[in-house]
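For reference, the structure I am asking about is given below.
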Amino acid sequence: QVQLVESGGGLVQDGASLRLSCIASGRTDLIYAMGWFRQAPWKEREFVASITWAVGLPYYGDFVKGRFTLARDKAKNTMYLQMDSLKPEDTAVYSCAVSSSRWELSLSKTYDYWGQGTQVTVSS
């Protein structure tokens with residue numbers, strides 16, 4: 001089992017920045033990749049970004065368009081999502097997840113463990 005705890009969400013204005021963190025504990029040896037997904041009210045869960053744990057190779061959802069940067073610190077078992085130029089449409093609950101598989105990392109069904117999520121609200 002891998003436990004995940006997110007932090008860093010909050011209420012910000014249009015154009016502001018936030019940095020989300022996700023700390024993993026437990027069987028961290030099971031981690032092949034970690035990812036972020038988001039879900040806004042009345043919308044389906046959406047892939048934000050993922051990163052392979054060993055190499056640190058990031059991969060982003062199409063909507064990111066250079067605004068977000070994903071990184072990980074293996075020594076701290078922590079993944080960071082730096083979000084810049086936030087827009088009201090970025091408002092959602094952001095959840096981190098762990099995949100033990102190298103299968104398609106943009107799909108939520110690839111991930112085995114999930115955090116509780118952190119709310120990000122961007123006001124116009």
Side-chain angles (χ1 to χ4, degrees):
Q1 291 273 352
V2 180
Q3 293 77 44
L4 301 169
V5 178
E6 303 100 332
S7 62
L11 171 63
V12 296
Q13 292 189 330
D14 191 354
S17 298
L18 278 175
R19 189 176 81 155
L20 305 184
S21 299
C22 176
I23 301 175
S25 61
R27 288 289 308 276
T28 57
D29 58 297
L30 296 177
I31 302 173
Y32 171 77
M34 293 183 71
W36 287 98
F37 289 79
R38 69 183 188 181
Q39 189 164 21
W42 316 114
K43 293 187 176 181
E44 292 187 356
R45 182 179 285 170
E46 181 179 32
F47 171 72
V48 178
S50 66
I51 190 164
T52 57
W53 203 241
V55 178
L57 181 65
Y59 173 61
Y60 299 96
D62 291 340
F63 74 89
V64 170
K65 299 185 186 303
R67 298 186 297 127
F68 296 176
T69 303
L70 187 60
R72 59 84 174 105
D73 185 330
K74 291 179 65 178
K76 296 181 179 179
N77 289 325
T78 303
M79 173 177 64
Y80 303 97
L81 181 67
Q82 176 67 38
M83 303 188 295
D84 299 318
S85 303
L86 283 164
K87 307 174 183 179
E89 51 264 43
D90 292 317
T91 295
V93 174
Y94 285 69
S95 299
C96 69
V98 159
S99 173
S100 299
S101 167
R102 60 183 65 206
W103 196 54
E104 180 53 64
L105 294 175
S106 66
L107 300 180
S108 60
K109 63 182 178 181
T110 297
Y111 294 80
D112 309 293
Y113 305 98
W114 291 82
Q116 293 295 317
T118 184
Q119 177 70 47
V120 171
T121 303
V122 184
S123 63
S124 57

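Nothing here was measured: the structure is a model prediction, and the numbers come from that model. The first residue in the sequence is number 1, and the count goes up from there.
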Within one Ile-Leu-Val-Met-Phe-Trp-Tyr cluster: Val12 and Leu20, side-chain cutoff 4.5 Å: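 Hydrophobic grouping puts Val12 with Leu20.
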Could you check Phe47 against Asp62 for side-chain contact (heavy atoms from CB on, under 4.5 Å), going step by step and ending with a plain yes or no? CA-CA 9 Å; Phe47 171 72; Asp62 291 340; over 6 Å; no
Is there a side-chain contact between Phe63 and Phe68 in this structure, where contact means two heavy atoms from C-beta onward sitting under 4.5 Å apart?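 Side chain of Phe63 against side chain of Phe68, heavy atoms only: contact under 4.5 Å found.
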Asp14 versus Pro88: any side-chain heavy-atom pair under 4.5 Å?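 In short, these two side chains touch, coming nearer than 4.5 Å.
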For Phe37 and Ser106, which heavy atoms make the closest approach, and how far apart are they?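 Nearest pair, atom of Phe37 first, then Ser106: CE2-O, 3.7 Å.
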To check you understand the geometry: which heavy-atom pair defines the closest contact between Leu18 and Leu86, and what is its length?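 Looking at all heavy atoms of both residues, the shortest contact is N-CD1, 3.9 Å.
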With a 4.5 Å cut-off on side-chain heavy atoms, are Val48 and Met83 touching?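 They are not in contact (no side-chain heavy atoms under 4.5 Å apart), so the answer is no.
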Ser99 side-chain N/O to Tyr32 backbone N/O, donor-acceptor pair under 3.5 Å: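 No, the answer is negative, given that no donor and acceptor are paired below the 3.5 Å cut-off.
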Please round to the nearest 0.5 Å and tell me the distance separating atom OG of Ser50 and atom CH2 of Trp36.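 CH2 of Trp36 is found 13.0 Å from OG of Ser50.
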Between atom CG of Asp84 and atom CZ of Arg19, what is the distance when rounded to the nearest 0.5 Å?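 It is 11.5 Å, given to the nearest 0.5 Å.
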Any idea which heavy atoms bring Ser123 and Leu11 closest together, and the distance?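 So the minimum-distance heavy-atom pair works out to CB-CD1, 4.4 Å.
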Less than 6.0 angstrom from the centroid, inside 45 degrees of the normal: does Arg27 satisfy that with respect to the ring of Tyr113?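 That pair does not qualify as a cation-pi contact.
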Identify the two heavy atoms, one from Tyr111 and one from Gly35, that lie closest to each other, and give their separation to 0.1 Å.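 Closest pair (atom of Tyr111, atom of Gly35, distance): CE2-N, 3.8 Å.
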Interatomic spacing from OG1 in Thr69 to CD1 in Ile51 - rounded to 0.5 Å: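 Reported to 0.5 Å precision, the distance equals 10.5 Å.
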With a 4.5 Å limit on heavy-atom distance, are the side chains of Tyr94 and Glu6 in contact?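 Counting from C-beta outward, Tyr94 and Glu6 never come under 4.5 Å.
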Flag the pair Asn77 / Trp53 as yes when at least one side-chain heavy-atom distance between them is below 4.5 Å, and no otherwise.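 Asn77 reaches Trp53 side chain to side chain.
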Measure across Gln39 and Arg45 and return the closest heavy-atom pair with its distance rounded to 0.1 Å.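 Minimum heavy-atom separation between Gln39 and Arg45: NE2-N, 3.7 Å.
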Ser85 side, atom OG; Lys65 side, atom NZ - distance, nearest 0.5 Å: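 Those atoms lie 13.5 Å apart.
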About how many Å separate CG of Asp112 and OG of Ser101, when rounded to the nearest 0.5 Å?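 CG of Asp112 is found 7.5 Å from OG of Ser101.
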Is there a donor-acceptor pair under 3.5 Å between the side chain of Thr91 and the backbone N or O of Val122?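 Side chain of Thr91 to backbone of Val122: a pair is present.
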Quick check: do Met79 and Leu70 have side-chain heavy atoms less than 4.5 Å from each other?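 Heavy-atom side-chain distance check passes, below 4.5 Å.
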Can you tell me how far CG of Leu4 sits from OG1 of Thr78, rounded to the nearest 0.5 angstrom?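 If we round to the nearest 0.5 Å, Thr78:OG1 and Leu4:CG are 10.5 Å apart.
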Specify the closest pair of heavy atoms between Leu30 and Gln1, including all atoms of both residues, with the distance to one decimal.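 Scanning both residues completely, I find the closest heavy atoms to be CD1-N, 4.3 Å.
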For Asp29, does the CG atom sit with more than 12 other heavy atoms under 6.0 Å from it, leaving out its own atoms?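 It does: Asp29 CG has more than 12 such atoms within range.
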May I ask you to decide if Leu57's main-chain N or O and Arg72's side chain share a donor-acceptor pair within less than 3.5 Å?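 A pair under 3.5 Å: no.
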Would a 4.5 Å heavy-atom cut-off, applied to side chains only, mark Val120 and Arg38 as touching?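 Val120 vs Arg38: side chains apart.
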